[in-house]
Amino acid sequence: MGYQYKTHGTCSTLIDVELDGNIVKNVIFTGGCNGNLQAIPKLVKGMTIDEVEERIGGISCNGRPTSCGDQLAKACRAAYEASLQ
């Protein structure tokens, strides 16, 4: 299932998340730091939503209360909850 998440407080503006149940299948960021945003999707591919939240949820960036990783954790949870409806 594909899901688009509008980010808040980050350089990236949008995250496209594809799940297979509660497993991350694919992630695409729009905007932000190109290198990090290529690496993060590769690192989380195959993880459960809980693992993504545990590992990268709550990370801040340059004094901001969030980061692209934190926003991805939120996006994965939102995508999963949307899939249950």
Side-chain angles (χ1 to χ4, degrees):
M1 174 198 130
Y3 184 84
Q4 284 195 330
Y5 181 84
K6 172 113 176 72
T7 61
H8 304 280
T10 60
C11 298
S12 65
T13 56
L14 190 69
I15 304 173
D16 289 291
V17 178
E18 186 178 352
L19 302 177
D20 184 5
N22 73 331
I23 305 293
V24 177
K25 190 171 179 184
N26 193 37
V27 173
I28 299 171
F29 284 89
T30 300
C33 175
N34 188 40
N36 286 337
L37 301 182
Q38 287 182 62
I40 293 170
K42 290 180 180 188
L43 293 170
V44 300
K45 186 175 183 178
M47 284 186 182
T48 66
I49 304 305
D50 290 339
E51 289 172 324
V52 172
E53 289 175 325
E54 181 181 319
R55 293 184 185 190
I56 63 175
I59 293 175
S60 63
C61 181
N62 290 332
R64 297 178 198 152
T66 191
S67 66
C68 291
D70 182 54
Q71 289 294 293
L72 176 57
K74 292 176 182 350
C76 288
R77 178 57 62 187
Y80 181 68
E81 289 177 3
S83 75
L84 298 178
Q85 295 179 11

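Remember, predicted model here, so these are calculated numbers, not experimental data.
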Contact summary for Leu72 and Val17, nearest pair of heavy atoms: CD1-CG2, 4.2 Å

Using residues 22-41 as the side-chain source, report each donor-acceptor pair under 3.5 Å to any protein atom, sequence neighbours left out, with the distance given to one decimal.
from  : atom 1 : to    : atom 2 : distance (Å)
Asn34 : OD1    : Gln38 : NE2    : 3.2

Atom pair CD/CG of Gln4 and Asp16 - distance to nearest 0.5 Å: 4.5 Å

Stepwise side-chain contact (heavy atoms from CB on, under 4.5 Å) check, Glu54 with Ile49: CA-CA 9 Å; Glu54 181 181 319; Ile49 304 305; over 6 Å; no

Nearest atoms (heavy-atom pairs only) where Thr10 meets Cys68: CG2-N, 3.7 Å

Taking every non-hydrogen atom, the tightest pair across Gly57 and Ala73: CA-CB, 3.8 Å

Pair Cys11-Arg64, side-chain contact (heavy atoms from CB on, under 4.5 Å): steps then yes or no: CA-CA 11 Å; Cys11 298; Arg64 297 178 198 152; 3.7 Å; yes

Arg55 vs Met47 side-chain heavy atoms within contact, under 4.5 Å: yes

Shortest non-hydrogen contact from Cys61 toward Ser67: CB-CB, 3.8 Å

Inter-residue atom distance Cys76.SG - Glu18.CD, 0.5 Å rounding: 11.5 Å

Transitive ILVMFWY side-chain link Ile59 to Val44, under 4.5 Å: yes

Partner set under side chain to side chain donor-acceptor pair (under 3.5 Å) for Thr66, not counting sequence neighbours: Asp70, Gln71

Side chains of Tyr3 and Leu19 in contact at under 4.5 Å (non-hydrogen atoms): no

